[in-house]
Amino acid sequence: MPTFTCVNMSTAKSSGVSTPLSSTTTLSSPPSPLMKASQVTLDQEVYYNPRLSASNIVEYIASRESFSSTVYIYDLAEQVGFGTWTKEWVKSGTGTAPVVNLQTRAGAGLSLVGRLSEGTSRDTVKGAVLTAYTTPSGLSMMAPSLSHIPVATTTSRLIIQVPVVLPFGETFSLSHSLAPLASAWPLLPENLVVCLSATPQQTIDFTMLSYKLTNCHVVHFFDQHGSSRETGHSLAPTSIQESKHSSIAEVFSHAGYKFFDFFGDAQAHTVLVLLNGPLALTAATLAKHTDGLGVVIVNVLRPWDEIAFRDALPESVVKVHVVDDVPNTSTQGPLYVEVFGSLLEGTNALVHAHRITPSQTHEYLNKGSAFAAFIASLVPSVQISPLGSSSVKRVLVFGAPQAPITALPRIFETLFISSKGVSVRSLTDYDAFSKPGGIAATRMVLSPKSESTDFVPLGVTLPFDCESNGMVDFLAVLDQSLLKSHAILNYARSGATVLVVTTWTAEELFSSLSLEVTSLITELNLRLFTFNAKASATELVGASGPTSDNLQLILTHLTFVRLYLGGAATESKVLAVTQPTLGEMIEGISLEKINAQAWSGLGEIEFTQTPEAGSSLLPFEFNAIVVETEDETVVNGARLSSWHDAAKHLIFPTAFSPSVESSAQEYPQNPGLHPESPDRTYLVTCSVNRRLTPLEYDRNVFHLEFDTTGTGLKYAIGEALGVHGWNDEQEVLDFCKWYDVDPASLITTIPVAADEGKVHTRTVLQALQQQIDLFGHPPKSFYTDLAAYATTSVDRHALLFIGSPEGSATYKKLSDKDTVTFVDVLQKFPSAKPGIERLCKLIGDIKPRHYSIASAQSVVGNRVDLLVVTVEWSTPSGLPKLNPSLIYII
């Protein structure tokens, strides 16, 4: 059996960087820097702030009124996490240009061309410098429209910021690729400047340069797949003086850049030519250590400077290999055309084309030394070995996006941000499909600042490759279930430290692991530590809630720091390292006491027995950038989302919509009618609604007739008709306003009855009006369930009391006399506000109301009659009430 032992840190191997740790002054992730403040203050918050990514700063620059008159945000850009900040900043009114939301479709871009062609009276005075956010796929659809764009002037021009990332394949994995543009380049106008950046600082500089080119339309591509989303970099503003008479090359030169950069052997006989991006950076790093190999990185594709390109090549070059992004190998890339034309005369160098598809790019960036092997096939002297210094430490953290402790990497990152000796790079990616709720994976690379290292993409330094040898020095698993479903331990190197935050005991953890996992632990000599953050927090504060969640995060952070320090760790040293960051008191408890609890709760598992073989494990697939975890929370497959979810149901009906089975029935079931119900549902038309009693009569009796023609509805004498009622639309809208939820946002909560793995997406208004029993009578269990979300002690204890056996009398009064609804309970205890997606789960669906049928089908034919009596009453407070299903039916 496995044994669970107390950790003796004096024998633990050191896994940390030798440079002492330094703390910072903030714990949580940074808020948006653009609050109501002066422009100078905003610049200070944005630049030199390692907690912000280059992508954030690109949005900041592009959305300033001083640079853009209007910002056009296309939906595809938002899908890859670019544009959301701009839409938030415009609400504050702090120097942000007006925003226009656009959808990507055929003819996309015509509004931009029209705006620049005609303009408005306001544009005549202030100029129309338009900024657009879109992706390579979106730009390819805009290309036909942009061919009609007017000539740029200082007061009328277009700047397009393009975050480069592309989904491909069955798993929608994300890759850095310009493949969608392969056939669109010829359609783009010649007067369009096309520049490409790769490193975070370069991304900021090229963004600024795109606005300093005052007589040009500009398209700027930057790496949204990786480097521009990294945090940990202290990025400086670009200081460039505008000059109306400077050429494009001169503007770039003033900023310290050229159209083409050469790296490698000055006497190289083989040269690779690549557009600037992660593959180009990797090739440049390899070329610096390989004789006979040179790399030319193209920073500016248009206008193509043939003379500058020829000057960038060494005179000794014999072979030129051009790497192009293409959708398939039968498509010719634009870079080869330019290079071939430049070397057609005056040189004996042979030009070879290499057409790289998105799947190949993904492999080169995520599978160890795959790209080095590709270059080695061209230049055999290239050494195929992992890039990066031996002093670099690699950290990988897996967790669930909705879990409180998933913020751990950002907190751990703050320990190194202001360090004088350690630099940190951090990048978080998401797998949205392989596990309900998704998976968050944060890669962190720590290195001494004293060592000057090349900027190598994190995908190459620390790839998501389960098949090659692991490279991670420290692996943290914040979601215990991942050990059973995903091959996350494959990323660990031999002798690595692994921390598992779990509520399982040692025996339960052992029984949950497959033979593959335990064999890997033994084979790699991994040190597996466990920590029960929930139990430790409970010992400190008791009941669960926000306070407990915060303490779980702090406790895990303290444990993380302890294991990182390795054999040098002591309880007092961990306290000394973290106290300047965390403070002396947290949630009214001393950090010393919390640290002592974290110290005593850590344990190590040793495996002395082989478990039974388990199911095969899944790899982590990077297929999502944005996963909403605060305002839009993923909970058990129910989430608030965007209209993109609805689009997926239309574009990919097989994957996201219920299958429609062929039926021999004359009137088959319509799958769109209450898909959450396993019962057969019919859509009938009310043809007669007549009141039978006079207005002065105290009982209201109605005669209803429903036309069933074409539905196939059959019934017998004595049966009842079940009616799926709707809630009143205005009452639902009033509730949405009180609950502070957008009725037009989407929510995915409706499971398909025939397939539990599929769900339906509706707007919040549709769900609350048509499906969720918002104005029904809550059961006793609802009070207990709701108590977990109360933020005040009074509300929480009151709800727990009503839901307990002792509160039966109170519950009976609320139910029978006051006849409270779910909405009444929520308004009575306003601090208990679960997310709308969780609230839908707590309330449940509207049950069909059954009415006795008052007709015989053999007599009336395709018709069903009902005789309905309204039920009205008043609460003790005098509030009139009427059954919601009656409101709907009459």
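Source: prediction; values computed, not measured.
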Audit row: His176, Asp223, side-chain contact (heavy atoms from CB on, under 4.5 Å) steps and yes/no: CA-CA 7 Å; His176 180 287; Asp223 179 19; 3.1 Å; yes
Look at the side chain of Ser69 and the backbone N and O of Val129, then say whether any donor-acceptor pair between them is shorter than 3.5 Å. yes
Just by distance, do the side chain of Thr290 and the backbone of Leu293 share a donor-acceptor pair under 3.5 Å? no
Any donor and acceptor pair, going by atom type alone, linking the side chain of Asp324 with main-chain N or O of Tyr336 inside 3.5 Å? yes
Would you tell me whether Ser359 and Thr357 have side-chain atoms, one donor and one acceptor, within less than 3.5 Å of each other? yes
Consider side-chain contact (heavy atoms from CB on, under 4.5 Å). Of Leu335, Val295, Val351, which one does Val273 pass it with? Leu335
Please confirm whether the ring centroid of Phe374 lies under 6.0 Å from the ring centroid of His354. yes
Are the side chain of Thr207 and the backbone of Val58 linked by a donor-acceptor contact shorter than 3.5 Å? no
Regarding Trp85 and Ser63, do their side chains bring together a donor and an acceptor under 3.5 Å, going by distance alone? no
Taking C-beta and beyond as the side chain, do Leu274 and Ile297 meet within less than 4.5 Å on heavy atoms? no
Can you see whether Ser227 engages Glu230 through a side-chain donor-acceptor pair at a distance of less than 3.5 angstrom? no
Side-chain donor or acceptor of Ser53 paired with backbone N/O of Asn56 under 3.5 Å: yes
Please answer whether the main-chain N or O of Ala152 pairs with a side-chain N or O of Ser156 as donor and acceptor at a distance below 3.5 Å. no
Hey, is Glu338 close enough to Arg302 for a salt bridge, meaning N to O under 4.0 Å? no
Please indicate whether Leu344 has more than 12 foreign heavy atoms, meaning atoms of other residues, nucleotides or ligands, lying under 6.0 Å from its CG. yes
Taken in chain and number order and not counting sequence neighbours, the residues that satisfy side-chain contact (heavy atoms from CB on, under 4.5 Å) with Ala54 are Pro200, Thr203, Ile204, Ser228, Leu235
Using a 4.5 Å cut-off on heavy atoms from C-beta on, say whether the side chain of His217 contacts that of Pro189. no
What verdict does the side-chain contact (heavy atoms from CB on, under 4.5 Å) test give for Val80 and Thr135, after you've listed the backbone C-alpha separation in whole Å, the side-chain angles of each residue and the deciding distance to 0.1 Å? CA-CA 8 Å; Val80 298; Thr135 63; 3.9 Å; yes
Would you find a donor on one side and an acceptor on the other, under 3.5 Å apart, between the side chain of Ser253 and the backbone of Ala249? no
So do the side chains of Gln332 and Val326 get within less than 4.5 Å of each other, counting heavy atoms only? no
Report yes or no: do Gln201 and Asp205 form a side-chain donor-acceptor pair below 3.5 Å? yes
Could you tell me whether the side chain of Thr347 and the main chain of Ala349 form a donor-acceptor pair under 3.5 Å? yes
Under 3.5 Å, side chain of Asn328 to main-chain N/O of Thr331, donor-acceptor pair present? yes
Between the side chains of Arg355 and Gln360, does any donor sit under 3.5 Å from an acceptor? no
Using side-chain contact (heavy atoms from CB on, under 4.5 Å), reason through Leu272 and Val296 one step at a time and then give a plain yes or no. CA-CA 6 Å; Leu272 268 70; Val296 173; over 6 Å; no
Mark yes when over 12 heavy atoms from residues, nucleotides or ligands other than Asp291 sit less than 6.0 Å from its CG; otherwise mark no. no
When you compare the side chain of Val424 with that of Met444, does any pair of heavy atoms fall below 4.5 Å? yes
Using the ring of each side chain (for Trp, its six-membered ring), is Trp89 parallel, tilted or perpendicular to Tyr60, with breaks at 30° and 60°? perpendicular
Reported CG-to-CZ distance for the pair Asp311 and Phe262, which is rounded to 0.5 angstrom: 13.0 Å
If we check side chain to side chain donor-acceptor pair (under 3.5 Å) with Thr231, which of these qualifies: Glu413, Arg410, Arg51? Glu413
Can you classify the ring geometry of Phe455 versus His233 as parallel (below 30°), tilted (30 to 60°) or perpendicular (above 60°)? tilted
Report yes or no: do Ser423 and Ser447 form a side-chain donor-acceptor pair below 3.5 Å? yes
Side chain to side chain donor-acceptor pair (under 3.5 Å) between Ser55 and Gln224: does it pass, once the steps are laid out? CA-CA 7 Å; Ser55 180; Gln224 185 74 354; 3.1 Å; yes
Modelled atom types, side-chain donor and acceptor of Thr131 and Tyr211, under 3.5 Å: yes
Criterion side-chain contact (heavy atoms from CB on, under 4.5 Å) on Leu365 and Leu279, from CA distance to verdict: CA-CA 7 Å; Leu365 290 175; Leu279 285 184; 3.8 Å; yes
Is it true that His220 and Phe222 have ring centroids separated by less than 6.0 Å? yes
Tell me if the aromatic rings of Phe82 and Tyr74 count as close, with their centers under 6.0 Å from one another. no
Are the side chain of Asn299 and the backbone of Lys258 linked by a donor-acceptor contact shorter than 3.5 Å? yes
Centroid-centroid distance, Phe252 to Tyr257, less than 6.0 Å: no
Is the shortest heavy-atom distance from the side chain of Leu139 to the side chain of Phe221 under 4.5 Å? yes
